[in-house]
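Within every chain, numbering begins at 1; the chains are lettered A, B, ... in the order of the sequence lines, protein sequences first and strands thereafter. Computed from heavy atoms alone, side chains included, the values below leave out hydrogens, waters and symmetry copies.
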There are 2 protein chains.
Amino acid sequence: MLKLTKKADYGLIALKHLAMRNPAETASAKDIADAYGIPLPLLSKILQKLAKSGFLRSEQGTNGGYRLARDPREMTALEVIRSIDGPIILTSCFTEHGECHHSGRCSVREPLRKVHDGILRLLNNITIRDIASEDMEVPAPDVDVQVYRLKPSGLAAHASK
Amino acid sequence: MLKLTKKADYGLIALKHLAMRNPAETASAKDIADAYGIPLPLLSKILQKLAKSGFLRSEQGTNGGYRLARDPREMTALEVIRSIDGPIILTSCFTEHGECHHSGRCSVREPLRKVHDGILRLLNNITIRDIASEDMEVPAPDVDVQVYRLKPSGLAAHASK
DNA sequence: CGATATAGGACCGAACCAGTCCTTGATTAC
DNA sequence: GTAATCAAGGACTGGTTCGGTCCTATATCG
């Protein structure tokens with residue numbers, strides 16, 4: 001039902017945390033876990049993944065921890081989420097490389113691919129730096145270019161379970 | 001991992017199917033299930049839900065079945081998905097009504113809300129009619145307004161599990 | 001009546017998510 | 001050298017959700 005995993009959340013939180021600090025100092029997994037109430041062993045694995053994916057540089061030993069490996073402006077939410085959760089697949093009809101195993105029968109594949117690409121684009125246009133900058137009141141321009149043509153009931157409507 | 005459920009897929013497929021037929025005739029759940037290889041009892045419940053949500057009108061008895069209850073231009077993918085899968089919540093930090101139970105600690109809530117709204121907008125801008133029109137090569141204009149500013153590696157990159 | 005429909009409750013296996021536990025190994029402080 | 005502090009990573013578990021099946025009840029037409 002179109003939800004991000006908590007791991008992805010935690011990963012973004014951690015990266016934001018690191019992006020807002022002096023890049024010279026490291027923060028340990030425990031520091032971050034404590035700061036946001038995230039279970040330490042869980043966060044550890046997320047940070048390990050982010051390190052392996054090249055977002056973080058890790059330092060072992062006393063006073064070790066993690067620091068950003070790249071400029072936060074060069075880390076998109078899309079990359080981060082993909083590195084933690086794996087590829088984003090809107091519908092099982094296509095993997096990120098395409099191909100539906102249902103052959104030609106899945107008639108909504110192409111329309112949904114548009115949505116899929118739109119979501120990727122959305123996530124790709126948000127960087128860790130955007131997230132770390134406190135005043136997201138003025139969002140990245142091209143994220144909000146689209147006309148907000150919702151009907152009054154649109155977003156407020158709430159489908160009962 | 002940001003995936004639509006198969007139920008939502010099936011629901012969209014069914015609505016598209018109905019939208020492309022003569023609105024005077026009904027199609028039974030079995031017809032649709034057979035046409036797309038969807039398990040009948042599963043599809044039945046989806047159609048029931050869609051009927052209860054006002055997308056379909058159902059007719060029981062021999063030669064019964066389903067027909068669209070409204071103009072397909074007035075049914076958005078967002079409404080359909082919500083009616084089948086329930087509310088879309090990008091992150092557990094906020095329900096569709098807002099409110100994070102982690103109080104102030106979840107620092108990425110606001111940035112993610114932008115993504116969340118973007119996705120809703122995306123889905124809200126696609127109608128069943130859009131999906132049913134075969135030539136989606138020319139997509140709804142405001143869905144694709146955004147600049148496609150992906151780095152070369154962007155969409156192709158594939159995060160290993 | 002009997003065939004064909006929808007309506008809907010109960011149930012089940014598999015997958016995945018979130019989280020825990022435990023061990024290993026590197027680095028620094030003492 | 002030893003202890004403390006850190007990351008690395010494998011194994012496991014409880015819970016939830018998803019996808020799907022089964023079965024019964026009810027409505028409608030021939």
State whether S58(B) places a side-chain N or O below 4.0 Å from either non-bridging phosphate oxygen (OP1 or OP2) of dA7(C).
yes
According to a strict under-4.0 Å criterion, is Y10(A) in side-chain N/O contact with OP1 or OP2 of dA18(C)?
no
Is there a donor N/O on one and an acceptor N/O on the other, under 3.5 Å, for the side chain of [X] and the base of [N]?
{"X": "Q48(A)", "N": "dA7(D)", "value": "no"}
{"X": "K45(B)", "N": "dG9(C)", "value": "yes"}
{"X": "Q60(B)", "N": "dT6(C)", "value": "yes"}

Pick the closest DNA chain C nucleotide for T62(B) and for K52(B) by heavy atoms, then say which residue is nearer the 5' end.
T62(B)
Cationic N near anionic O, under 4.0 Å, R67(A) to E59(A):
yes
Whole Å only: how far is the [atom1] atom of [X] from the [atom2] atom of [N]?
{"X": "L2(A)", "N": "dT17(D)", "atom1": "CG", "atom2": "C1'", "value": "15 Å"}
{"X": "L47(B)", "N": "dT4(C)", "atom1": "CG", "atom2": "P", "value": "19 Å"}
{"X": "I89(B)", "N": "dT16(D)", "atom1": "CD1", "atom2": "P", "value": "14 Å"}
{"X": "Y66(B)", "N": "dT28(D)", "atom1": "OH", "atom2": "P", "value": "14 Å"}
{"X": "I38(B)", "N": "dT21(D)", "atom1": "CD1", "atom2": "C1'", "value": "16 Å"}
{"X": "D85(B)", "N": "dG19(D)", "atom1": "CG", "atom2": "P", "value": "8 Å"}
{"X": "K30(B)", "N": "dA7(C)", "atom1": "NZ", "atom2": "P", "value": "18 Å"}
{"X": "L43(A)", "N": "dG9(D)", "atom1": "CG", "atom2": "P", "value": "15 Å"}

How would you label the contact of P39(A) with the nucleic acid (heavy atoms, under 4.0 Å): base, sugar-phosphate, or nothing?
sugar-phosphate
Give A51(A) one of three labels, base, sugar-phosphate or nothing, depending on what nucleic acid heavy atoms sit under 4.0 Å from its own.
nothing
Check whether E79(B) reaches the backbone of T76(B) with its side chain - one donor and one acceptor, N or O, closer than 3.5 Å.
yes
Is there a donor-acceptor contact under 3.5 Å from the side chain of D31(A) to the main chain of S28(A)?
yes
Selected nucleotide, minimal atom distance to N63(A) side chain, candidates dC22(D), dT28(C), dA5(C)
dT28(C)
Contacts of E59(B) and T5(B) projected onto DNA chain D by closest heavy atom; the upstream (5') one is T5(B)
Does the side chain of F55(B) come within less than 4.5 Å of V80(B)'s, by heavy atoms?
yes
Heavy-atom distance under 4.5 Å between the side chains of T5(A) and I81(A), does that happen here?
no
